[in-house]
Number of protein chains: 2
Amino acid sequence: MKVATEDYRALAALRYRIRLFLSEGDEAARRGGLEPQQYQLLLALRGLPEDAEATIYTLADRLSLKHNSTVELIDRMEKRKFVHRTRSRDDARCVLVSLLPRGEEAVQEVARQRITELRAGGTALVDALEMLLKRTPESRRKKKTRGVTI
Amino acid sequence: MKVATEDYRALAALRYRIRLFLSEGDEAARRGGLEPQQYQLLLALRGLPEDAEATIYTLADRLSLKHNSTVELIDRMEKRKFVHRTRSRDDARCVLVSLLPRGEEAVQEVARQRITELRAGGTALVDALEMLLKRTPESRRKKKTRGVTI
DNA sequence: TCCAATTATATCGTAATACGATATATATTG
DNA sequence: CAATATATATCGTATTACGATATAATTGGA
């Protein structure tokens with residue numbers, strides 16, 4: 001079963017939009033002296049839901065990374081004094097990660113800019129997504145005739 | 001000017017949603033034997049708008065990468081026989097990148113799965129985005145009182 | 001027409017990233 | 001209590017991404 005060029009274009013366009021959006025944030029992070037993933041870690045720490053503990057397990061989930069990647073990311077950030085680890089009292093297997101003042105400042109700096117920029121890029125992203133999800137009538141017709149996987 | 005915890009949470013939630021969405025695609029790519037960015041390159045190639053030429057300059061833009069990163073990505077994919085370069089006749093500075101059959105097959109395999117998965121993740125992403133963009137009435141009130149940057 | 005400026009791509013160096021594999025310690029389960 | 005599961009750390013390897021630098025081709029203005 002072949003994928004129509006149209007679908008490729010829609011997929012590519014969506015990823016382009018997402019990538020544009022994300023790279024704006026990456027640049028904001030870099031301006032604030034952080035690598036993109038480092039900012040994401042700090043943001044995940046700072047923006048954890050109330051009921052969540054900042055274990056490596058949890059952070060790995062929030063960052064959609066394997067635990068070992070998360071460990072190393074935290075290693076580097078601990079080295080730079082942005083975060084620091086403590087062993088949990090409740091469960092000695094668990095490490096809790098917390099923001100240091102330096103990390104708090106850094107994430108704030110970037111987040112502030114990010115909030116400002118968000119309105120600009122966000123709408124285009126929603127549009128691209130909705131377009132892809134809704135599909136054109138043309139695409140819908142194709143679906144029927146070809147038993148497309150969706 | 002401080003960023004409210006609520007805003008951090010919204011930003012973090014959005015990135016989480018995006019990251020979930022993207023990591024699904026990453027996994028599909030890996031199942032197809034491609035690294036995530038490699039799949040993105042193939043997709044960008046396959047999904048270029050009609051009026052676009054697959055120069056490194058253009059691909060770098062579509063992937064939101066610096067040109068040198070794009071060059072190296074193409075290097076690796078050319079090595080693996082997924083794509084191949086030809087020097088443009090119109091402008092001898094320009095290299096044109098094209099998909100080889102192997103690349104065509106690979107991108108199709110992943111794109112097919114991706115189209116299937118898209119409906120599942122896409123809606124949640126739109127919701128998270130719209131929530132952040134719209135803001136809650138609570139956030140709007142805060143904006144007025146604090147002269148928030150948005 | 002000529003040449004400086006600009007553009008497109010390639011290479012190098014470096015740090016970060018991400019995964020699979022493996023290891024150790026702690027908690028849970030039957 | 002032993003077996004199993006869970007949480008984190010370390011190692012090896014490939015990929016990625018950027019800044020810096022280099023080379024070649026094209027462009028635009030004098």
End-to-end axis angle, where each axis spans five pairs of the helix from C:dT1-D:dA30 to C:dG30-D:dC1, to 10° =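 Here the helix ends are tilted 30° relative to one another.
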Which is it for B:R19 and B:D26 under the salt bridge (charged side-chain N to carboxylate O under 4.0 Å, His left out) test, yes or no, and what are the steps along the way?
-> CA-CA 10 Å; B:R19 191 60 215 155; B:D26 292 352; 3.0 Å; yes
NA contact type, A:R30, heavy-atom cut-off 4.0 Å: base, sugar-phosphate, or nothing?
->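 Result for A:R30 = sugar-phosphate.
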Output the rounded distance in Å from [atom1] ([X]) to [atom2] ([N]).
X     : N      : atom1 : atom2 : result
A:R89 : C:dT26 : CZ    : P     : 16 Å
A:K66 : C:dA21 : NZ    : P     : 10 Å
A:Q38 : C:dA16 : CD    : C1'   : 7 Å
B:L22 : C:dA18 : CG    : C1'   : 15 Å
A:L41 : C:dT17 : CG    : C1'   : 13 Å
A:Q40 : C:dA16 : CD    : P     : 17 Å
A:L63 : C:dA16 : CG    : C1'   : 14 Å
A:D61 : D:dT8  : CG    : P     : 12 Å

Please state whether the phosphate of [N], meaning OP1 or OP2, lies under 4.0 angstrom from any side-chain nitrogen or oxygen of [X].
X     : N      : value
B:Q37 : D:dT15 : no
A:S69 : C:dT17 : no
B:R76 : D:dT15 : no

Same cluster or not: [X] versus [Y], using hydrophobic residues (I, L, V, M, F, W, Y) connected whenever any side-chain heavy atoms lie under 4.5 Å apart?
X      : Y     : value
B:V3   : A:Y39 : yes
B:Y16  : A:I56 : no
B:L100 : B:V95 : no
B:Y8   : A:V83 : yes
B:L48  : A:L20 : no

Could you go step by step and tell me if B:E78 and B:K81 meet the salt bridge (charged side-chain N to carboxylate O under 4.0 Å, His left out) rule?
-> CA-CA 5 Å; B:E78 196 175 24; B:K81 311 262 195 269; over 6 Å; no
When every nucleotide of nucleotides 4-15 of chain C is labelled 5' to 3' by its protein contacts under 4.0 Å (heavy atoms), B for base, S for sugar-phosphate only, - for none, what sequence of letters results?
-> ---BSBBBBB--
Side-chain heavy-atom pair B:R114, B:E24 within 4.5 angstrom cut-off |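 They are in side-chain contact.
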Just checking, is any N or O donor in the side chain of B:R80 or B:Q38 under 3.5 Å from an acceptor N or O on the other one?
->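 B:R80 vs B:Q38: donor-acceptor pair found between side chains.
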